[in-house]
Amino acid sequence: MTDLVIRALDESDVHLFDTLPDPLRAAEAFAHATYRPHWKRVALRDGLVVARAAWWGGPDDTEPLTVEWFDFADGEEEAGAELLRTAPWRVGLDLVLPGDWRADPAVRAAAEARHAAARAAGHTPLVERFVYRWTPSCGLPERPGRLRFASEPEDAVFFDALRRIHSDTLDAHALKAIAEGGLDRAAQQEIDFFRWCPSPREWWQVARTADGALAGIHVPAHNPSGPCVGFIGVLPEHRGHGYAYDLLAECTHHLAEQGAEFIAAATDRTNHPMAAHFAKAGYPVVRERVNFQLD
């Protein structure tokens, strides 16, 4: 077998990225994403692309935040691993899969091969997530009317609420942040993400009960690819009432009122309560995503 040539693409040959088959329907998943040509890298054998990866970041980011598109030809698992190993950026990997990938033997085999290549390149699975996409055809979820929503200008209110929310959480990313730097780190990472999104700060909202007690927060947002549910969180002392659904319904209405033609969202597959709220609110699962972290 001839040696691999691994290199970045540029404007003149970025079309090479699209010469591989697409068994995981990645082109459909990333239809709204924008990738810089020089953040796309390929592995070539005898002049043909046998592996590809695209690194992604926001328009103002000087370095990519994650590998978001990773693929290779049949039998080229090691080429895919080498493509990741030799990259100049040491970031995690998001492997996006069709929502029905477990049911189709061919798609399942392709997904498992990419799992194996990622692990061979030093990436460890952190969490599997459901990916949702609401559109107006899904219908707007009913607002229960139990909570009072309002903008809150003080970041400290959100920071304190996030610390309390993450003190008892099922979210794998928050648990990782807590293990690395405590509740302050987990809360600050959320604030940093909200700030990173180009959507207005005044969209961040608190939710209070009829007697004025803070019950939770929600953050309707736009990421660089479009409208999304930025965050839904209920304070521990107010759980058990289904308030996460109320927050999600309000978040959906807010984005729809801003003209959203779709709303992206995600939650961990193991977060069964939140997955149930998404289902109740009419959010269909359109794909799944496995978040990998570097060893």
Side-chain angles (χ1 to χ4, degrees), residues 25-26 28-33 56 58 65-66 68 94-101 126-144 147 149 158 161-162 165-166 169-175 186 189-200 203-205 207 216-234 242-291:
R25 306 199 295 273
E28 173 188 314
F30 301 128
H32 297 277
W56 181 87
L65 302 177
T66 187
E68 196 176 59
D94 293 343
L95 183 62
V96 177
L97 307 169
D100 58 353
W101 69 273
L126 174 64
V127 65
E128 297 181 11
R129 311 198 84 202
F130 290 125
V131 178
Y132 303 91
R133 184 180 178 85
W134 178 93
T135 61
S137 64
C138 299
L140 283 167
E142 180 182 354
R143 283 166 155 152
L147 299 175
F149 296 93
F158 287 92
L162 286 162
I165 290 165
H166 286 329
T169 182
L170 298 173
D171 185 88
H173 288 88
L175 291 171
Q189 281 189 357
E190 302 288 6
I191 295 286
D192 290 346
F193 168 71
F194 304 160
R195 288 286 189 188
W196 174 83
C197 289
S199 40
W203 285 9
W204 308 8
Q205 290 196 332
I217 63 174
H218 78 100
V219 179
H222 268 244
N223 63 31
S225 297
C228 65
V229 177
F231 188 83
I232 301 291
V234 178
Y243 284 155
Y245 170 82
D246 302 47
L247 294 166
L248 178 59
E250 189 66 22
C251 189
T252 305
H253 277 265
H254 180 100
L255 289 168
E257 289 163 5
Q258 300 300 320
E261 296 182 358
F262 70 89
I263 301 171
T267 196
D268 294 1
R269 290 186 84 248
T270 52
N271 191 341
H272 303 299
M274 196 64 221
H277 292 311
F278 274 113
K280 180 180 177 181
Y283 276 71
V285 175
V286 292
R287 55 189 62 92
E288 295 188 17
R289 183 169 69 228
V290 184
N291 296 142

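Remember, predicted model here, so these are calculated numbers, not experimental data.
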Note to self: So, taking the atom named CG in Leu247 and the one named CG in Leu147, what distance separates them when rounded to the nearest 0.5 Å?
What the structure shows: 6.0 Å

Notebook entry, point to check: Any side-chain heavy atom of Asn291 within less than 4.5 Å of one from Thr66?
Noted result: no

Next item on the list: Not counting sequence neighbours, which residues clear side-chain hydrogen bond (donor to acceptor under 3.5 Å, both in side chains) with Trp56? List them please.
Entry: none

Margin query: Among residues at least two apart in sequence or on other chains, which ones pass salt bridge (charged side-chain N to carboxylate O under 4.0 Å, His left out) with Glu128?
Written below: Arg102, Arg269

Margin query: Set out, in order, the CA-CA distance, both residues' side-chain angles and the distance that settles side chain to side chain contact (heavy atoms under 4.5 Å, CB included) for Phe130 and Asn271, then state yes or no.
Written below: CA-CA 10 Å; Phe130 290 125; Asn271 191 341; over 6 Å; no

Side-chain atoms of residues 218-225: list all donor-acceptor pairs with protein atoms under 3.5 Å, sequence neighbours left out, distances to 0.1 Å.
unit_1, atom_1, unit_2, atom_2, d
His218, NE2, Gln205, OE1, 2.7
Asn223, OD1, Ser225, N, 2.8
Asn223, OD1, Gly226, N, 3.1

Margin query: I need the Tyr243 OH to Ile232 CD1 distance, nearest 0.5 Å.
Written below: 15.0 Å

Notebook entry, point to check: Under the salt bridge (charged side-chain N to carboxylate O under 4.0 Å, His left out) rule, what pairs show up with a residue in residues 275-287, not counting sequence neighbours?
Noted result: Glu28-Arg287

Note to self: Do Pro141 and Leu248 have side chains that approach each other closer than 4.5 Å (heavy atoms only, starting at C-beta)?
What the structure shows: no

Next item on the list: Could you tell me which residues satisfy ring-ring contact (aromatic ring centres under 6.0 Å, His included) with His254, sequence neighbours excluded, listed by chain and number?
Entry: Trp203

Notebook entry, point to check: So, for Asp246 and Gly242, which heavy atoms are closest and what is the spacing to 0.1 Å?
Noted result: OD1-O, 3.1 Å

Next item on the list: Any chance you could measure Met274, atom CE, to Leu170, atom CG, to the nearest 0.5 Å?
Entry: 11.5 Å

Item checked: CZ on Phe30 to CD on Glu68, rounded to 0.5 Å -> 4.5 Å

Next item on the list: Using the test side-chain contact (heavy atoms from CB on, under 4.5 Å), find all partners of Ala186 that sit at least two apart in sequence or belong to another chain.
Entry: His166, Ala177, Ile178

Note to self: Holding to ring-ring contact (aromatic ring centres under 6.0 Å, His included), I want the full list of residues that pass it with His253, two or more places apart in sequence or in another chain.
What the structure shows: none

Check: What pairs with Pro284 under side-chain contact (heavy atoms from CB on, under 4.5 Å), at least two apart in sequence or on another chain?
Finding: Cys138

Item checked: Any residue meeting side-chain contact (heavy atoms from CB on, under 4.5 Å) with Val286, in chain and number order, not counting sequence neighbours -> Val131, Arg133

Check: Would a 4.5 Å heavy-atom cut-off, applied to side chains only, mark Ile191 and Trp204 as touching?
Finding: yes

Margin query: Test of understanding: with side-chain contact (heavy atoms from CB on, under 4.5 Å), list the residues that count as partners of Ala265, not counting sequence neighbours.
Written below: Tyr132, Val229, Phe278, Tyr283

Note to self: With side chain to side chain donor-acceptor pair (under 3.5 Å) as the rule and sequence neighbours excluded, what pairs involving residues 258-268 come up?
What the structure shows: Arg129-Asp268

Item checked: Check: Pro136 and Trp134 side chains under 4.5 Å, non-hydrogen atoms -> yes

Notebook entry, point to check: So how far is it from His173 NE2 to Phe193 CZ, rounded to the nearest 0.5 Å?
Noted result: 11.0 Å

Checklist line | Which residues share a ring-ring contact (aromatic ring centres under 6.0 Å, His included) with Tyr245, sequence neighbours left out | finding: none

